[in-house]
Amino acid sequence: MEVNPPKQEHLLALKVMRLTKPTLFTNIPVTCEEKDLPGDLFNQLMRDDPSTVRGAEILMLGEMLTLPQNFGNIFLGETFSSYISVHNDSNQIVKDILVKADLQTSSQRLNLSASNAAVAELKPDCCIDDVIHHEVKEIGTHILVCAVSYTTQGGEKMYFRKFFKFQVLKPLDVKTKFYNAETDEVFLEAQIQNITTSPMFMEKVSLEPSIMYNVTELNSVNQAGECVSTFGSRAYLQPMDTRQYLYCLKPKKEFAEKAGIIKGVTVIGKLDIVWKTNLGERGRLQTSQLQRMAPGYGDVRLSLEAIPDTVNLEEPFHITCKITNCSSERTMDLVLEMCNTSSIHWCGISGRQLGKLHPSSSLCLALTLLSSVQGLQSVSGLRITDTFLKRTYEYDDIAQVCVVSSAVKVES
């Protein structure tokens with residue numbers, strides 16, 4: 001009758017601990033009114049408690065730090081740090097010790113070991129220590145796999161490993177909106193929400209533009225020659241709070257002429273977000289490339305280059321328009337017609353020839369108008385006809401101007 005031999009216990013012990021900073025101690029105040037039976041007993045106990053803040057004993061604040069009692073939360077963009085220790089619990093010398101730490105995610109397996117070289121020998125009651133760091137870049141389940149191999153004095157090769165599973169959570173909810181201006185500028189609104197359970201210090205939120213654009217941040221105002229954040233002096237984002245950031249992207253000079261005729265999806269850039277939590281733990285997220293659908297202008301695009309904000313009643317004013325041939329293959333022969341409306345009247349010759357406009361080319365027009373009605377008036381009534389295809393393009397509500405009485409002085 002065969003009996004299975006007992007399983008041999010390992011000579012080495014493996015311990016893995018996550019390295020995190022402590023947290024501020026919070027106490028639960030217990031108090032009562034002086035007329036109650038305990039009198040001042042509860043208040044005196046809180047004053048004698050060394051963990052409370054002097055003068056603010058009834059607040060849930062503490063002067064002490066508390067070591068973490070559990071694994072805690074790991075958020076995307078933070079750095080995961082862990083202490084790995086292999087201790088020789090036996091009374092014999094162990095040789096050729098190799099400690100390997102891998103992090104398994106849903107898409108890849110990463111080697112986090114500082115060194116892949118084996119330790120020649122480990123004496124009794126001695127240990128091998130290692131600290132690993134990894135910036136977490138995926139959400140979901142992560143498994144830390146720690147494997148130890150060694151050789152006993154008798155020459156037997158031994159091997160064991162342990163698994164440590166943890167979840168990586170999403171710290172921020174980022175939503176973006178695009179607004180296309182007539183001047184080829186693109187405005188990006190980024191809504192950032194803190195979906196963790198603790199406040200965040202927003203250290204930096206910036207937009208790294210693509211090669212086509214220059215970016216201007218619109219998250220500060222100029223006060224007495226100094227830039228002041230629109231969010232105030234405190235950059236803290238409380239749990240579940242949302243903050244809107246605004247950026248203006250303008251095409252670079254070498255791309256400005258092509259910006260009006262770009263069709264389809266264009267790459268804008270990516271957001272770079274840096275924050276700190278608790279006692280200064282740093283986190284960083286970088287979004288994927290943000291894309292927007294370029295607005296469709298058809299074959300001919302009309303855009304305004306210059307227009308006054310306010311004009312005088314029944315006095316001529318000037319605007320400058322740019323006409324762009326958005327076709328990449330066809331030359332156009334254009335005719336400009338100007339149609340008066342009930343309030344806006346065009347000054348000039350209607351039906352004049354603009355000449356031939358080659359593909360992807362533009363021309364500028366200086367036009368004169370006057371308004372016979374006060375108030376906010378819409379500039380309408382431009383018609384452009386392509387004589388080759390006998391096709392007419394109508395442009396109404398091009399812009400709006402404020403018309404005031406000539407007795408009111410218009411500031412330029």
Side-chain angles (χ1 to χ4, degrees), residues 10 12-21 68 70-86 96-119 128-150 157-176 190 192-198 200 202-211 265 267-278 280-291:
H10 285 282
L12 303 181
L14 172 66
K15 292 184 178 180
V16 178
M17 292 172 283
R18 182 192 172 193
L19 297 178
T20 58
K21 291 186 178 180
N70 51 32
F71 187 84
N73 293 325
I74 287 282
F75 292 104
L76 183 69
E78 294 183 345
T79 299
F80 169 70
S81 300
S82 184
Y83 168 71
I84 300 176
S85 178
V86 176
D96 301 329
I97 306 97
L98 181 62
V99 183
K100 187 178 181 182
D102 292 340
L103 186 63
Q104 178 71 53
T105 69
S106 59
S107 63
Q108 58 183 335
R109 188 182 183 101
L110 305 169
N111 181 19
L112 304 183
S113 301
S115 174
N116 293 323
V119 178
I128 301 172
D129 299 324
D130 190 13
V131 176
I132 58 175
H133 303 280
H134 174 66
E135 184 178 345
V136 181
K137 298 181 179 179
E138 295 183 44
I139 60 175
T141 303
H142 287 56
I143 302 175
L144 180 63
V145 183
C146 297
V148 180
S149 61
Y150 62 95
K157 294 186 180 295
M158 305 292 291
Y159 174 83
F160 70 94
R161 59 181 180 173
K162 290 186 177 181
F163 301 88
F164 304 90
K165 182 186 293 186
F166 60 92
Q167 294 289 330
V168 175
L169 307 177
K170 185 180 177 183
L172 299 170
D173 186 24
V174 181
K175 297 178 181 178
T176 56
I192 300 177
Q193 183 181 27
N194 176 9
I195 56 176
T196 69
T197 57
S198 60
M200 286 182 175
M202 305 305 291
E203 184 174 303
K204 184 181 75 169
V205 179
S206 62
L207 177 64
E208 297 180 2
S210 65
I211 191 173
V265 178
V267 175
I268 296 298
K270 52 188 177 182
L271 285 169
D272 189 16
I273 308 170
V274 180
W275 71 90
K276 290 182 179 178
T277 58
N278 291 336
E281 296 96 333
R282 192 169 182 266
R284 180 184 180 187
L285 278 182
Q286 209 171 48
T287 65
S288 57
Q289 289 287 353
L290 303 176
Q291 297 179 331

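Because the structure is predicted, anything quoted here is derived from the model rather than measured.
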Engineer: Which residues satisfy the side-chain contact (heavy atoms from CB on, under 4.5 Å) test with S106, sequence neighbours excluded?
Structural biologist: E138
Engineer: Who passes ring-ring contact (aromatic ring centres under 6.0 Å, His included) against Y83, sequence neighbours left out?
Structural biologist: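 Per chain and number, Y83 pairs via ring-ring contact (aromatic ring centres under 6.0 Å, His included) with no residue.
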Engineer: Let me have the donor-acceptor pairs involving side chains of residues 74-82, under 3.5 Å, with sequence neighbours excluded, atom names and distances please.
Structural biologist:
{"unit_1": "E78", "atom_1": "OE1", "unit_2": "F75", "atom_2": "N", "d": "3.4"}
{"unit_1": "S81", "atom_1": "OG", "unit_2": "H133", "atom_2": "ND1", "d": "2.7"}
{"unit_1": "S82", "atom_1": "OG", "unit_2": "M17", "atom_2": "O", "d": "3.2"}

Engineer: Can you name the residues that form a salt bridge (charged side-chain N to carboxylate O under 4.0 Å, His left out) with K175, not counting sequence neighbours?
Structural biologist: none
Engineer: Please list, chain by chain and in numerical order, all residues satisfying side-chain contact (heavy atoms from CB on, under 4.5 Å) with K137, sequence neighbours excluded.
Structural biologist: E135
Engineer: Test of understanding: with side-chain contact (heavy atoms from CB on, under 4.5 Å), list the residues that count as partners of S113, not counting sequence neighbours.
Structural biologist: K100, A101, N111, N116
Engineer: Could you measure the distance from the OG1 atom of T176 to the NZ atom of K270? Nearest 0.5 Å is fine.
Structural biologist: 15.0 Å
Engineer: By side-chain hydrogen bond (donor to acceptor under 3.5 Å, both in side chains), which residues pair with E281, not counting sequence neighbours?
Structural biologist: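 Result, side-chain hydrogen bond (donor to acceptor under 3.5 Å, both in side chains) vs E281: none returned.
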Engineer: At what distance, to the nearest 0.5 angstrom, does CG of L98 lie from OH of Y159?
Structural biologist: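 The OH atom of Y159 is 9.5 Å from CG of L98, to the nearest 0.5 Å.
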Engineer: Who pairs with T141 by side-chain hydrogen bond (donor to acceptor under 3.5 Å, both in side chains), at least two apart in sequence or on another chain?
Structural biologist: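 In terms of side-chain hydrogen bond (donor to acceptor under 3.5 Å, both in side chains), with neighbours along the sequence ignored, T141 is linked to Q167.
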Engineer: Mind checking what makes side-chain hydrogen bond (donor to acceptor under 3.5 Å, both in side chains) contact with T287, not counting sequence neighbours?
Structural biologist: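 For T287 there are no side-chain hydrogen bond (donor to acceptor under 3.5 Å, both in side chains) partners, ignoring immediate neighbours.
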Engineer: Which residues pass the side-chain contact (heavy atoms from CB on, under 4.5 Å) test with D96, not counting sequence neighbours?
Structural biologist: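 side-chain contact (heavy atoms from CB on, under 4.5 Å) check on D96 returns T151.
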Engineer: Tell me every residue that passes salt bridge (charged side-chain N to carboxylate O under 4.0 Å, His left out) with K204, counting only those two or more places apart in sequence or in another chain.
Structural biologist: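 Salt bridge (charged side-chain N to carboxylate O under 4.0 Å, His left out) check on K204 returns D272.
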Engineer: Could you tell me which residues satisfy side-chain hydrogen bond (donor to acceptor under 3.5 Å, both in side chains) with K15, sequence neighbours excluded, listed by chain and number?
Structural biologist: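 Testing K15 for side-chain hydrogen bond (donor to acceptor under 3.5 Å, both in side chains), a comparison that skips the adjacent residues, returns none.
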